[in-house]
Amino acid sequence: MKNIRICLAIDDNYIPPCLVTINSILVNRNLDEYIEFYILTTGLLTSNKNIIKQITDSHPNVLLSFIDVDKNLFKKYYTNTWGLATAYRLRAASIFKDFDKILYLDSDICVMNSLWTLYSTNIENAYGALVPDIWQKTQKRRFLDKKQTYFNAGVFLINLKKWREDDIEIQLDAYYDKNKDNIKYPDQDPINVVLDGKIVELSYKYNFVYSPIKNECRMFEDYKKAAENPTIIHYVFNKPWTTSLYDFKDDIYVPFYFEQIELFPENIKELCLKYHKKYVVKKFKYKLFDFILLMKIKEYTTCKKWYLFGLIPIITEIKYKNN
């Protein structure tokens, strides 16, 4: 059997998207693949653990493990926008001390094909493998001395052995402490800077992000090819569970999320659909005369923000606190 180790980081507010991520991996793997799921969390409810287990138990050749992390180690990384769980990957080398590598995945993805080719990527002489961010030019302007492009860390094949050899966790912590006032993405920025020059660049198909605006790579041949048959769809902008009918029409990748939900037992399907209704957004933009932008709403993991004229932040609604 081909063994694939996968790490996810969640809390009790992100169960339905995580279920879709897990099920899509299992449904679309090859028959000779054994999947190990390691879920990093803090005090996850037993009922939610059982729901995840219900999904994994319905498939053969699966291992599911929950790892409780010490949230005090990550409190400094918390923001209203990004929550806490996203930073757990920064200590993966210590958490998985007996493994040489692991595939970290955000829980807002849908896997469409086997992950074996991705997992088999040669990272022996690198700290890991990542896909470039679709705003890579804009992001890189914040790091003028960067050797490589700016990467999205939502899909991250990590060389745990090399991280331990070179004390990468200490370097990531040190970089954050020194630059926290200027950091935009509390986990992704340190990863991009500290690991710079030793990252294997992956195809867009392994972390395909759809966005009709501010997409600086949509004319790249690799991106256009990935759009036709992505291995991993990453819902960075248009979250299916906070999507209006208008956005369904414009984003052909959103229905794949709900196709996974249709495969679930009735109790889990009902949970996921309620989650969608709870956070549904009717409109993201409000315009005057259909061309003057008056208000823009942005949904994040932990909060919703209103911007006057699309630029000036005026209201922040906190959905929940994770600290």
Side-chain angles (χ1 to χ4, degrees), residues 2 4 6 20-21 24-25 27-30 33 101 103-159 184-185 187-189 191-193 195-240 243 246-260:
K2 296 175 180 176
I4 300 177
I6 295 172
V20 168
T21 298
S24 67
I25 292 168
V27 168
N28 292 298
R29 64 176 166 166
N30 294 325
E33 293 171 6
K101 72 174 179 179
L103 177 60
Y104 168 85
L105 299 175
D106 278 351
S107 293
D108 56 347
I109 70 169
C110 189
V111 174
M112 307 299 291
N113 297 296
S114 166
L115 295 175
W116 179 250
T117 302
L118 167 60
Y119 192 76
S120 301
T121 300
N122 186 351
I123 55 171
E124 184 178 355
N125 298 314
Y127 292 128
L130 292 163
V131 175
D133 196 270
I134 66 167
W135 292 0
Q136 57 193 267
K137 294 178 183 177
T138 299
Q139 300 287 20
K140 193 178 178 182
R141 281 197 286 269
R142 298 190 292 120
F143 306 98
L144 297 179
D145 296 330
K146 203 174 185 315
K147 300 172 187 175
Q148 293 182 274
T149 189
Y150 188 92
F151 296 95
N152 181 296
V155 175
F156 192 3
L157 183 63
I158 307 174
N159 186 337
K184 188 173 183 180
Y185 305 103
D187 57 323
Q188 189 167 269
D189 281 355
I191 286 171
N192 267 276
V193 175
L195 277 56
D196 189 33
K198 293 231 174 151
I199 297 173
V200 174
E201 184 172 324
L202 296 169
S203 166
Y204 287 102
K205 70 181 180 179
Y206 293 123
N207 189 353
F208 180 78
V209 177
Y210 171 77
S211 176
I213 58 173
K214 295 186 179 180
N215 186 341
E216 298 167 347
C217 63
R218 63 175 174 266
M219 299 310 295
F220 295 175
E221 285 304 315
D222 181 58
Y223 182 87
K224 290 191 285 187
K225 186 176 180 181
E228 297 173 1
N229 185 26
T231 297
I232 298 175
I233 299 169
H234 190 178
Y235 298 111
V236 172
F237 302 104
N238 205 6
K239 307 293 188 188
T243 303
Y246 173 82
D247 296 299
F248 268 98
K249 180 183 67 176
D250 285 357
D251 190 342
I252 63 172
Y253 303 97
V254 165
F256 292 118
Y257 175 90
F258 291 99
E259 285 179 8
Q260 289 298 317

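- Heavy-atom minimum distance, I199 versus L195: CG1-O, 3.4 Å.
- Residues that satisfy the side-chain contact (heavy atoms from CB on, under 4.5 Å) test with S114, not counting sequence neighbours, are N30, E33, W116.
- Shown here for K224 and M219, the closest heavy-atom pair between the two residues is CE-O, 3.6 Å.
- Put simply, the side chain of E216 gets close to the backbone of T138: a donor and an acceptor are under 3.5 Å apart.
- To the nearest 0.5 angstrom, R29 atom CZ is 9.0 Å from I4 atom CD1.
- Rounding to the nearest 0.5 angstrom, the gap separating the CG atom in L202 from the CG atom in N207 is 9.0 Å.
- Contact record, K198 with A126: O-CB, 3.3 Å, taken as the closest heavy-atom pair.
- The stretch residues 148-159 participates, sequence neighbours left out, in no salt bridge (Lys or Arg N to Asp or Glu O under 4.0 Å) pair at all.
- Put simply, the side chain of V131 does not reach to within 4.5 Å of the side chain of F151, judged on heavy atoms.
- Here the OG atom belonging to S120 is positioned 7.0 Å from the NZ atom belonging to K2, to the nearest 0.5 angstrom.
- Side-chain contact check for V20 versus Y257: some heavy-atom pair is nearer than 4.5 Å.
- Side chains of I134 and F237 form a contact here, defined as non-hydrogen atoms less than 4.5 Å apart.
- For A129 against I123, the heavy-atom pair with the smallest separation is CB-CG2, 3.8 Å.
- Rounding to the nearest 0.5 Å places OG of S211 at 6.5 Å from CH2 of W135.
- Taking both residues in full, the closest heavy atoms of I191 and A153 are given as CD1-CB, 4.1 Å, listed atom of the first, atom of the second, then distance.
- To the nearest 0.5 Å, the span separating CG on L105 from OG1 on T21 amounts to 7.5 Å.
- Residues Q260 and S24 have side chains that never bring a donor and an acceptor to within less than 3.5 angstrom of each other.
- Judged by distance alone, with hydrogens and angles left aside, the side-chain atoms of D222 form no donor-acceptor pair with the main-chain N or O of S203 at under 3.5 Å.
- A heavy-atom distance below 4.5 Å is not found between the side chains of V155 and D106.
- Of the possible donor and acceptor atoms, none in the side chain of Q148 sits under 3.5 Å from a partner among the backbone N and O of D196.
- Sorted by first and then second residue, the salt bridge (Lys or Arg N to Asp or Glu O under 4.0 Å) pairs involving residues 107-130 (not counting sequence neighbours) are D108-K239.
- Among residues two or more places apart in sequence or in another chain, the side-chain contact (heavy atoms from CB on, under 4.5 Å) test is passed with K225 by none.
- Counting only heavy atoms from C-beta outward, the side chains of D133 and K140 never approach each other to under 4.5 Å.
- In this structure, Y253 has its ring center at least 6.0 angstrom away from the ring center of Y235.
- Contacts of V236 classified as side-chain contact (heavy atoms from CB on, under 4.5 Å), with partners at least two apart in sequence or in another chain: N152, V209, H234.
- Using the six-membered ring where Trp is involved, Y223 and Y204 have ring planes that are perpendicular, over 60° apart on the 30 and 60° scheme.
- The side-chain heavy atoms of I233 and I109, taken from C-beta on, include no pair separated by under 4.5 Å.
- Using a 4.5 Å cut-off on side-chain heavy atoms (C-beta onward), L157 and Y119 make contact.
- The two residues I232 and Y206 make their nearest non-hydrogen contact at CD1-O, 3.2 Å.
- When atom types are taken as modelled, the side chain of K146 and the backbone of N192 share a donor-acceptor pair closer than 3.5 angstrom.
- In this structure, the side chain of T231 does not engage the main chain of N113 through any donor-acceptor pair within 3.5 Å.
- For R142, the side-chain contact (heavy atoms from CB on, under 4.5 Å) criterion is met by Q139, Y150, K184, Y185, D189, not counting sequence neighbours.
- Between the side chains of T149 and E201, no donor N or O sits under 3.5 Å from an acceptor N or O.
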